[in-house]
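Below is one structure; the comments refer to it alone.
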Amino acid sequence: MSVTWAARLGLALGFVLALQALWTSSQGMFDPAFHRVAVFGLCALCVVARRPLAARAGAGRPGLAALYWLIDAAVLGAILLGLERFMASADQLENMLVDFSPFDQWSALLALIAIMELTRREFGWGLAGVGGLMLAYCLWGDALPGIMGHAGFTLDQIAQGAWYGYQGVFGMPVGIVIELLFIYIVFGMVLEATGAGPTLIRIAVRATGRVAGGPAHAAIVASALFGSISGSVTANVAGTGTFTIPMMKQKGFRPEFAGAVEAAASTAGQFIPPVMGAVAFMLAQLTGTPYLWVCAAAVVPALAYLAALFTAVWLEARRDGIGTTDPAELPRLTRQDALLSLMFLIPIATVIGVMLMGRSPAMAGFWATVAAILTGFLNPELRREPMRLVAALAKGGIGGARIMIAVGAIGVVVAGMNLTGLGLNFAQAVGALGSTNLMLSLGITALACLALGMGMPTLPAYLIIVLVMGPALGAMGAPRIAVHMFVLYFAVLSAITPPVALAAFAAAPIAEANPMKVGVAAMRLTIIGFIVPFLFVLNPSLLLIVDFDAGDFAMGIARIAAVIWALSAALAGQGLSRLNPGWRGLYAAAAALSLLKGTGLDFAGFALVAALLATETMRARGAAARARARA
């Protein structure tokens, strides 16, 4: 088979997987064992066919290409054999009468290794390395000294824990992906194919044109809105960044800053309701929280992140002398723009409306996808090229297949943590710290989230962190929804955290800038985003649905506002006017004091921010009066 025909097969399988997602979301799963195995097998075939190793051999190297095809055949053969042995023992698993032969055990081990290889191809060494190390730890960890060692496990025990049964690869996460998340991945691809993105950008440019640095603010609005649907930060950067980054550079922003704004804004979409890049539904399932409550909990943190990003961009524009956009350059919105905006608004309203009717999130995803397909024909370009929708369905199926492979690898990690007790040991260590110092416990968790999430899309990044660190998170004593939201934020922020920083690497080529500089600039722009999760864990009233107290909520909002302004001004060196090092130091001190909740020093921080801002205002008015007098 040639690489071209393999790619076509991958697209065909992606289309089949998309149809499967539509059917499952509307009708539900049939026999869970067969459904999970069948979909996982199709996903593995789709991933290999779409990107076979032979594509890397290049022209004129038939020997190497043949070797690569053999490797692909071996990887697929191992997975399909493992799936066949799983189905052969399905009845025994249900009756708890399990007796696996050495052939069954080795089939399972080879399938697990093959999954790690596919994970490496799709997501790099990060998740694959963690899964491979966990598998090796299960096999040979008994030889390690001290507390790192375990009692040792037979191959039969490892095969049962990781492959045969519903605790490892085919556990609850795979079921949730098939039943719920697959349809939202397809939905995002369909919505992108309708052409709603350019219309959103036009509206955003028009709405923000009268603000200093307007194109950058337009990038924030458009990318955040579209990113709330897309399950991939990098796909959002590529989709909207091709429009927004050149606009920002043309206006005068530095290339690395333009790339950083797009990366930061695309990242924001992953925790903006109502879809939150499909993670909202997984979070609702894992916490037992109604989906609409999850949306309510996400509102204030998301607004805080966006407010901080808007503030940082506005200050940067003022510092660099980038003014508002000339009204003559702003796009004129027409009735056609209003009509095309319905391609975005109606599907989103459908998700919320179906949920308010009491139907399942999967059913909401089904009808939202149907609405996106139907409203897409409002776009004359789509009417001329309706096959774009077929291609979008295929791309959605491929995207879901990639996520499924990652979730399978996560299942191996979780099974290994449960089998060896490593997860419990980590939970006890974090819990011991959290019992005396919650901030230290949260800090360790945040670092673990950033490390585990690097190089992965939002969904698997959040999932592996929650499943691996679940017991530790429960030991913190904070509300469950608050801790899960904390994990989600840092899983998302790993996309702009060097050295990996996927969003920054996606934006850098478009901006023609150094990816590391883009990543560092994005971190500076979103520094408040790294602080907000700590604030809502320490003050759950900010989530609106947990221990809400109006006084605590008001204080939390005041704290966020003070920190956003003070820290943004200190980092940019720009407030209402240029700031010298002394003023920047005072603003930084004010931000630090404002964070010290419950000490009384936070009131001093609020007062210092207010005093500095008032002084700046009087200075600005005085300078304006003197300028008028000279004129």
Side-chain angles (χ1 to χ4, degrees), residues 29 31-41 43-44 75-119 127-128 130-144 148-178 404-427 460 463-464 466-471:
M29 290 180 69
D31 176 45
F34 179 77
H35 198 147
R36 293 183 187 187
V37 167
V39 172
F40 196 92
C43 288
V75 168
L76 279 177
I79 292 176
L80 295 178
L81 176 62
L83 295 176
E84 187 277 328
R85 298 317 304 157
F86 181 97
M87 289 304 303
S89 60
D91 292 338
Q92 290 180 302
L93 292 173
E94 290 183 0
N95 299 321
M96 300 301 290
L97 299 173
V98 186
D99 183 20
F100 296 110
S101 67
F103 179 72
D104 291 331
Q105 297 169 28
W106 281 100
S107 297
L109 180 61
L110 290 175
L112 294 173
I113 294 171
I115 289 173
M116 294 306 134
E117 164 59 13
L118 288 188
T119 304
L127 178 55
V130 172
L133 287 173
M134 182 55 67
L135 195 57
Y137 182 64
C138 291
L139 288 167
W140 302 299
D142 56 323
L144 295 175
M148 289 301 297
H150 55 67
F153 303 98
T154 64
L155 184 56
D156 181 61
Q157 291 172 309
I158 296 170
Q160 288 188 51
W163 186 259
Y164 297 109
Y166 302 101
Q167 300 300 315
V169 171
F170 302 105
M172 174 267 296
V174 163
I176 293 177
V177 171
I178 295 173
M404 184 66 76
I405 295 300
V407 170
I410 291 169
V412 177
V413 176
V414 174
M417 297 283 277
N418 293 334
L419 189 65
T420 63
L422 191 62
L424 182 60
N425 293 337
F426 182 75
L463 193 57
I464 188 173
V466 165
L467 295 179
V468 169
M469 301 181 64

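Here the structure is a predicted model, which means the values were calculated and not measured. All heavy atoms count here, side chains included; hydrogens, waters and symmetry mates do not.
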Using 0.5 Å steps for rounding, measure from the [atom1] atom of [X] to the [atom2] atom of [Y].
X      : Y      : atom1 : atom2 : value
Leu135 : Leu112 : CG    : CG    : 5.5 Å
Thr420 : Tyr137 : OG1   : OH    : 5.0 Å
Ile405 : Met116 : CD1   : CE    : 10.0 Å
Ile178 : His35  : CD1   : NE2   : 5.5 Å

Tell me the closest heavy-atom pair linking [X] and [Y], and the distance in Å.
X      : Y      : value
Ala406 : Leu127 : O-CD2, 3.7 Å
Ala415 : Ala162 : CB-CA, 3.8 Å
Leu139 : Ile158 : CD2-CD1, 3.5 Å
Gly408 : Ile115 : C-CG2, 4.2 Å
Leu419 : Cys138 : CD2-SG, 4.3 Å
Val75  : Ala114 : O-CB, 3.6 Å

side-chain contact (heavy atoms from CB on, under 4.5 Å) partners for [X], two or more places apart:
X      : result
Ala159 : Ala108, Tyr164
Leu83  : Val37, Phe40, Ile79, Leu80, Trp163, Phe170
Leu133 : none
Pro173 : Val407, Leu463, Leu467

Beyond-backbone contact of Leu81 with Leu110, side-chain heavy atoms, under 4.5 angstrom: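 SC-SC contact between Leu81 and Leu110 ruled out.
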
Heavy-atom donor-acceptor pair, Arg36 side chain to Gly171 backbone, under 3.5 Å: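 Checking the backbone N and O of Gly171 against the side chain of Arg36, a donor-acceptor pair under 3.5 Å is found.
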
Donor-acceptor pair, side chain of Gln157 and main chain of Thr154, under 3.5 angstrom: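 A pair under 3.5 Å: yes.
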
Pairs involving residues 102-118, ordered by first then second residue, that meet salt bridge (Lys or Arg N to Asp or Glu O under 4.0 Å) (sequence neighbours left out):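 As it turns out, the salt bridge (Lys or Arg N to Asp or Glu O under 4.0 Å) pairs with a partner in residues 102-118, which skip direct neighbours, are Arg85-Asp104, Glu117-Arg120, Glu117-Arg121.
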
Qualifying residues under side chain to side chain donor-acceptor pair (under 3.5 Å), relative to Gln167, sequence neighbours excluded: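 With sequence neighbours excluded, Gln167 shows a side chain to side chain donor-acceptor pair (under 3.5 Å) to no residue whatsoever.
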
